[in-house]
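Worksheet for the structure shown next.
Computation of the quantities below employed the complete heavy-atom set of this structure, encompassing side-chain atoms and omitting hydrogens, waters and symmetry-equivalent molecules. The chains referred to below are lettered A, B, ... by the order of the sequence lines, with proteins before strands, and numbering in each begins at 1.
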There are 2 protein chains.
Amino acid sequence: MPKLGAEPIRRAALVKAAIETVGDAGSLDVTVAQIARRAGMSSALAHHYFGSKERIFLAAMREILSLYGAEVRGALTAAAAAAVEGCVHQARLRAIIRGSFAPGSFRREAISAWLNFYVLARTNPEARRLLTVYQRRLQSNLMHDLRPLVGDRAAEIASGLGALIDGVYIRAALSGEPDAVQAAGIVLHHLDRELECAP
Amino acid sequence: MPKLGAEPIRRAALVKAAIETVGDAGSLDVTVAQIARRAGMSSALAHHYFGSKERIFLAAMREILSLYGAEVRGALTAAAAAAVEGCVHQARLRAIIRGSFAPGSFRREAISAWLNFYVLARTNPEARRLLTVYQRRLQSNLMHDLRPLVGDRAAEIASGLGALIDGVYIRAALSGEPDAVQAAGIVLHHLDRELECAP
DNA sequence: ATGTTTATTGACTCGTCAATCAACAAAAAC
DNA sequence: GTTTTTGTTGATTGACGAGTCAATAAACAT
């Protein structure tokens, strides 16, 4: 059965299976055997390629963050194409927010993954690092378009927006029926208020 | 050794130990034996009084929510005493926010407990119920003082404030040095913006 | 005194699971 | 065609942990 060049395929399958398994269980309390079975292989092979359960989780977290990043980047380039001159910054800010609440980031497994990776980040240095990267990139993206609009208040507003995005995410995750549009609406509304009230 | 009337004392000790143990571990992946040892008894006794690990966690969650509720109630009555006439509602709203970021709710164990209870609420119906109670009470508290100030916009604004409180909480939890004052400041700032911009 | 209720634990059961290893299979290299 | 590299797994190890139980002991009731 061994086909050559299996490593990348196996790794990807395991990462996908890990995200799905955590999504189903709702917690990181899942076994390597469950993940491996879902990925169609033995648990020994999972250990062979990743070395430990922890490494599988970290790879899954990288995948989640990477998907999120792609979502935001996509929304940003779409916005750049569509935006009327003079409103580019507003349009980009809205794109970042919409990207954060894209359907993909809002699937059940993704939400479960995020929640559990928050918990993982409390104890695992690498997980914490990855989450810091995410937060810094978001902050920096927001600042880039806020500074031209509100100057010195950019940092403060970006912090608020970042926290609001996270908070709305969790609210939606815990409500039975996450409504991505409404969630994004709350954040967009907050942005409007901040921009309206600029001195 | 058996002194009579030990049950309530033992239960309280176990709840306290559970919160501390989860706080130290940063996850719910702790053993009944660890909790029991910390509470100064055998794991058998912990099972005797609570029946299962799950029940211990739920009791701990109730305790955390109860402490939070007390904090907010305290801040509200203090605000009622101090507030100048005509600003009562603003003062009460600020009190709710400050109560949410009281030092007590911001200790390491409390933050760990909150994060992990969010995760628990994904799978455990009783945990979800408790979290819903918390969210509803917060929403209702906020609405009570927002309605006189902003009328129909109250519900929308209360949702935003609730999500922002949760989000800021998590940001602070994941930053090494949670700064309760700064955290409360972000939410208070958001409130001011919403009230300033009232039509 | 004697029986009942409450408190308490050590020892045990039964299961689970991460990680390892020896062994087998197929492709590639030489 | 044999050796080496890559892929793969069943079986095993070693540890740990939730929940049970029988047994002990102190207080209380009568």
Side-chain angles (χ1 to χ4, degrees), chain A residues 1-61 116-117 119-120 123-127, chain B residues 1-61 116-117 119-120 123-127:
Chain A
M1 303 162 184
K3 303 153 204 165
L4 267 274
E7 175 151 3
I9 290 140
R10 293 302 203 185
R11 291 183 86 99
L14 281 167
V15 165
K16 181 162 174 280
I19 292 171
E20 289 169 0
T21 307
V22 169
D24 280 0
S27 84
L28 295 182
D29 197 11
V30 299
T31 71
V32 173
Q34 286 170 346
I35 296 172
R37 188 170 352 116
R38 188 164 206 141
M41 70 194 81
S42 73
S43 67
L45 198 54
H47 276 104
H48 175 65
Y49 282 125
F50 279 98
S52 74
K53 189 157 97 161
E54 196 181 44
R55 296 245 184 85
I56 300 178
F57 283 150
L58 291 174
M61 191 165 170
N116 281 287
F117 291 152
V119 168
L120 190 61
T123 54
N124 185 302
E126 175 65 4
Chain B
M1 301 157 187
K3 303 154 203 163
L4 269 274
E7 175 152 3
I9 291 138
R10 293 302 203 185
R11 291 182 86 99
L14 280 167
V15 165
K16 181 164 175 277
I19 293 171
E20 289 169 0
T21 308
V22 169
D24 280 1
S27 85
L28 295 182
D29 197 10
V30 299
T31 71
V32 174
Q34 285 170 347
I35 296 172
R37 188 167 355 111
R38 188 164 205 141
M41 71 193 80
S42 74
S43 68
L45 198 54
H47 276 104
H48 174 66
Y49 282 125
F50 278 97
S52 75
K53 189 158 97 163
E54 196 181 42
R55 296 246 184 86
I56 300 178
F57 284 151
L58 290 174
M61 191 165 168
N116 280 287
F117 291 151
V119 168
L120 190 61
T123 54
N124 186 303
E126 175 66 4

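Here the P atom of nucleotide C:dA26 and the CG atom of A:Leu45 are 16 Å apart, to the nearest Å. As a whole-Å value, the separation of A:Met41 CE from D:dT6 C1' is 15 Å. The nearest whole Å value for the distance from the CG atom in A:Asp29 to the P atom in D:dC16 is 17 Å. As rounded to whole Å, 9 Å separates atom P of D:dG17 from atom CZ of B:Arg37. Rounded to whole angstrom, the span from the CD atom of A:Glu7 across to the P atom of C:dA28 amounts to 16 Å.
Using a 4.5 Å heavy-atom threshold, the side chains of B:Lys53 and B:Leu28 count as separate. Contact annotation: the side chain of B:Gln34 approaches that of B:Arg37 to within less than 4.5 Å [non-hydrogen atoms, C-beta and beyond]. Under the 4.5 Å side-chain criterion, counting only non-hydrogen atoms from C-beta, A:Val22 is not in contact with A:Phe117. Between B:Asp24 and B:Arg38, the closest side-chain pair of non-hydrogen atoms falls below 4.5 Å.
Annotation: B:Glu54, atom CD; neighbour count of heavy atoms from other residues, nucleotides and ligands within 6.0 Å does not exceed 12. Open room surrounds CZ on A:Arg55; 12 or fewer heavy atoms of other groups in view lie less than 6.0 Å from it.
Listed pair A:Arg10 / D:dT8 meets the phosphate criterion, a side-chain N or O lying under 4.0 Å from OP1 or OP2.
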**Request:** If a protein heavy atom is under 4.0 Å from the base, mark B; if only from the sugar-phosphate, S; if neither, -; do that for nucleotides 14-20 of chain C going 5' to 3'.
**Result:** ---SSBB
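Using a 4.0 Å heavy-atom cutoff across all strands shown, B:Tyr49 reaches sugar-phosphate atoms only and no base atom.
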